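Start at 1 with the first residue, then count along the sequence. Computed from a prediction, not measured in an experiment: that's the story for all the values here.
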Amino acid sequence: MMFFSTRDSEKKMFKASEVIKQGLASDGGLFVPESIPSVSLEEIQELTKKSYPEIAADILSKFLSDYTYDELLEDAEKAYCQSSFPDGAAPLKKVTDNMYSLELWRGPTAAFKDMALQIMPRLLSRALVKTGETNTALILVATSGDTGKAALEGHKDVDKVKIMVFYPVDGVSKVQKLQMVTQTGSNVNVCAIEGNFDDAQTGVKKIFSDTEAKAKLLENSYILSSANSINWGRLAPQIVYYFHAYCELLKSNEIALGEKVNVCVPTGNFGNIFAAYLAKQMGLPIDKLVCASNSNNILTDFIRTGIYDRNRDFHLTMSPSMDILISSNLERLLYFIAGTEETAEYMRQLNTKGCYKINAKTKAVIDENFAGYFADEAETADTLRKFYEEYGYLADTHTSVALNCADKYIAETNDNKKMIVASTASPYKFAADVYKSLTGKEASDGTAALDELSALTNTEISYPLKDLDKRKVNFDKVIVKEDMLNEVYKFM
C-alpha cells in the first residue's frame, strides 16, 4: 500500500513509514492511501474472536504494509495494555434501547486521542528506523485541548523525538490546560498563543510548508513531523475502534452479522468521523454517519448546503475541542469523492476566499453518507442533564453534543437502526460545565469542580485527573501567533 498527497495530480508515491515520519505533504496536502482495502463479513466475524490489539494489528496491516504484522501486534499490545487502559480499550456501553456509547476516553489522558496517540509514537519510532533517518523528529502540534496532552504523554521521553504543543490560551478548559502545563518529560515543550485553535493550526501548517525553516531545522539535525490527525499514523488507528464496536454488538447479540448501524461523532477537525467513513468504505456495515457540531456549526452547514464558509463568528463553547472553523480532514473526504484536481481547487478557494461550494455530484455522495446536526449551549446542557436523569448516563459536554444530534437525527428520520455514539472525553475533563449542566449552579473554580461533580454523581474521578492541582506547572509562556516559529527555534 502506497500513499500520495491529496493535491498531487502526478501522484508521487510514498511508503507508510515515510508518510508517518513526514506527517504533512510538502505541497500542503494530506497523505491518502492509493486505495481503500476491503474487509469481508466473514473477516468481521473472525474479528469477534480477537482482542483489541489483535483487531488493531489486523486493520492497520491493511494500510501499513511496510510494517510486519508482528511489529504492529507488539505495538498495539503495548499501547492498549491494562496499565494504560484499566477498563479496557474503547468499551461499548448501552445507554438506551438503540443507542450505545463508545467510550474512547478510558486511557491515560481521559480523552479519545489516547486511542491513536498511545500507538502512534511506536509507529513513528519504527518509521525512523525503516527510513534510515538519523535526525531527530521534531513533532509540532496544534491543539484545541485533548490532542496536546495525549501527544505529550504518548511521546514523552521517546528516543530521537522532541515534541512541542501550541494551544489557544483561552480556548481550552482549566483541566485541559493543567494537564498540558504540568507535563513532564525531557523532550517536551508547551506554549500558549493569543488566538484560537484555527490560529494555532494555521501557524503549525505554515511552519510545515516553510522551506527555509525546514532547511534551518535540518542543519541542526531535526526533521518535522506531526501528531495531529493530519498524520496518517494518527488517523489509521482511529479506524480500528469502529470495527471493535461493531464486533462488540455482534458478541452481545445486539445485531446480526451484516446488519447496518449508524454512527454519530462529535466533530471538530473531521478526523474521527472520517475514520468511521473509511471503516464504512472498507466494508463495515455502517449506514449513516451523523456529524455532530456545537455552535461552531460550519460542518452542519456544509453537509446540508454544500457550502463551506469559514467567514463567520467564532464561538467559545463548553465543548472547546470542537471550537474549530477549519476542519483539516475534510480535505481527505473530498479527495476520495471528488479527486485531486477538484479538491485542490476547493482548498485554493478556502485559502484565498475563506469559502468554497462543492458541485452537485460531490454533494450527492456526501448526502448518501452523512447527516449534519448541531447543538447550541442550552441544548448541550439540557441533553447532558436528560441522559443523566433518565438513563443514569454521565456524559461530558462533547459527548452530549453527539447525544443531542443523534436524538435529532432519529426524531427527524425515524431511522431506528442501532446508533453508536462516539464518547470522546471523560466528564471530569469538563467538570465545571458538567456540574453546572446538572445543577444549574456554578461549580467551584479549578480542580475543586472535580470533587464537587464526584460528590454529586457518586462517581469516581477519572484516574488520569486525580490530584491534578498538586502537580508542578512546568510551562507558562504565552506568545502572539506570529512568534510560533521563533519559539520552535528556541526549543530546538
Side-chain angles (χ1 to χ4, degrees), residues 36-64 69-70 72-82 84-107 112-116 118-119 235-266 271-290 369 393 399 402 406 415-424:
I36 298 177
S38 61
V39 178
S40 68
L41 291 179
E42 290 74 19
E43 287 178 283
I44 293 172
Q45 183 68 61
E46 285 300 308
L47 292 179
T48 63
K49 305 171 186 176
K50 298 185 177 184
S51 66
Y52 193 95
E54 289 171 329
I55 295 173
D58 277 11
I59 299 301
L60 291 176
S61 65
K62 296 180 180 296
F63 291 101
L64 313 183
Y69 178 87
D70 288 342
L72 294 171
L73 181 59
E74 179 184 350
D75 289 347
E77 286 177 339
K78 290 178 178 177
Y80 305 115
C81 63
Q82 188 173 11
S84 294
F85 293 86
D87 300 314
L92 187 70
K93 293 194 175 181
K94 189 170 185 176
V95 179
T96 70
D97 286 343
N98 69 335
M99 196 176 295
Y100 305 80
S101 178
L102 180 59
E103 295 187 340
L104 303 171
W105 47 267
R106 295 289 184 171
F112 85 97
K113 311 296 175 74
D114 290 327
M115 296 301 299
Q118 280 300 296
I119 192 170
L235 184 66
Q238 296 181 256
I239 302 169
V240 176
Y241 44 71
Y242 294 110
F243 279 91
H244 164 75
Y246 192 87
C247 289
E248 290 297 294
L249 291 176
L250 283 175
K251 288 195 291 185
S252 58
N253 296 313
E254 296 287 327
I255 58 172
L257 182 64
E259 181 178 341
K260 288 191 174 183
V261 299
N262 295 322
V263 173
C264 182
V265 185
N272 206 2
I273 196 167
F274 179 67
Y277 172 80
L278 287 174
K280 176 180 180 179
Q281 298 305 304
M282 291 173 74
L284 192 66
I286 294 174
D287 185 17
K288 195 66 78 173
L289 296 160
V290 181
N369 290 281
Y393 189 76
T399 305
D415 183 350
N416 289 309
K417 295 183 186 73
K418 305 295 185 184
M419 175 75 77
I420 297 170
V421 176
S423 179
T424 54

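- In terms of the side chain to side chain donor-acceptor pair (under 3.5 Å) criterion, residue partners of Tyr393 (sequence neighbours excluded) are, by chain and number, Ser101, Glu103.
- Taking Ser51 as the reference, Glu54 meet the side chain to side chain donor-acceptor pair (under 3.5 Å) condition, with sequence neighbours excluded.
- Using modelled atom types, one side-chain atom of His244 and one backbone atom of Ala90 make a donor-acceptor pair closer than 3.5 Å.
- Here CG of Leu60 is found 11.5 Å from CD1 of Ile55. Values are rounded to the nearest 0.5 Å.
- Not counting sequence neighbours, the partners of Phe85 by the ring pair (Phe, Tyr, Trp, His ring centres under 6.0 Å) test are Tyr80.
- For the atom pair Leu102 CG and Ile420 CD1, the distance stands at 7.0 Å (nearest 0.5 Å).
- Applying the side chain to side chain contact (heavy atoms under 4.5 Å, CB included) criterion to Ala406, with sequence neighbours excluded, gives Met99, Cys264, Met419, Val421.
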Intermediate values then yes/no, side chain to side chain contact (heavy atoms under 4.5 Å, CB included), Tyr246 and Ile286: CA-CA 9 Å; Tyr246 192 87; Ile286 294 174; 5.9 Å; no

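- Remark: Glu77 engages no residue in a salt bridge (Lys or Arg N to Asp or Glu O under 4.0 Å) (not counting sequence neighbours).
- When all heavy atoms of Asp114 and Gly107 are compared, the pair lying nearest together is OD2-C, 3.3 Å.
- Put simply, OH on Tyr241 and CG on Asn272 are 3.5 Å apart, with the number rounded to the nearest 0.5 Å.
- Residues passing the side chain to side chain contact (heavy atoms under 4.5 Å, CB included) test with Ala276, sequence neighbours excluded: Tyr242, Val263, Leu289.
- For the pair Ser40 and Glu43, the tightest heavy-atom approach, listed with the atom from each and the gap, is N-OE1, 2.9 Å.
- Judged as a salt bridge (Lys or Arg N to Asp or Glu O under 4.0 Å), and not counting sequence neighbours, the contacts of Asp75 are Arg126.
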Audit row: Leu257, Leu250, side chain to side chain contact (heavy atoms under 4.5 Å, CB included) steps and yes/no: CA-CA 7 Å; Leu257 182 64; Leu250 283 175; 3.8 Å; yes

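- Summarising the geometry of Tyr52 relative to Pro237, their closest heavy-atom pair is OH-O, 4.4 Å, with the distance given to 0.1 Å.
- Here the side chains of Ile44 and Pro285 are in contact, with some heavy-atom distance below 4.5 Å.
- Residues Ile36 and Leu278 form a side-chain contact, since some pair of their non-hydrogen atoms from C-beta on lies under 4.5 Å apart.
- Residues Ile59 and Met282 form a side-chain contact, since some pair of their non-hydrogen atoms from C-beta on lies under 4.5 Å apart.
- The salt bridge (Lys or Arg N to Asp or Glu O under 4.0 Å) search around Lys288 returns none, not counting sequence neighbours.
- Listed by chain and residue number, Asp58 satisfy the salt bridge (Lys or Arg N to Asp or Glu O under 4.0 Å) test with Lys50 (two or more places apart in sequence, or in another chain).
- To the nearest 0.5 Å, the span separating CG on Leu47 from NZ on Lys251 amounts to 10.0 Å.
- Contact between Lys94 and Asp97 at its shortest, heavy atoms only, is CE-O, 3.6 Å.
- Minimum heavy-atom separation, Lys260 to Lys417: O-CD, 3.7 Å.
- Taken to the nearest 0.5 Å, the CD atom of Glu74 stands 10.5 Å off from the CD1 atom of Ile119.
- For Tyr100 and Glu254, the side-chain atoms include at least one donor-acceptor pair closer than 3.5 Å.
- With sequence neighbours left out, the ring pair (Phe, Tyr, Trp, His ring centres under 6.0 Å) criterion links Phe63 to Trp232.
- Between Ala56 and Val240 the shortest heavy-atom distance is CA-CG1, 3.6 Å.
- Remark: Asp87 pairs with Arg106 by the side chain to side chain contact (heavy atoms under 4.5 Å, CB included) rule, at least two apart or across chains.
- When atom types are taken as modelled, the side chain of Ser84 and the backbone of Cys81 share no donor-acceptor pair closer than 3.5 angstrom.
- Evaluation of the side chain to side chain donor-acceptor pair (under 3.5 Å) test over residues 277-286, restricted to residues two or more places apart or in two chains, returns Lys280-Asn369.
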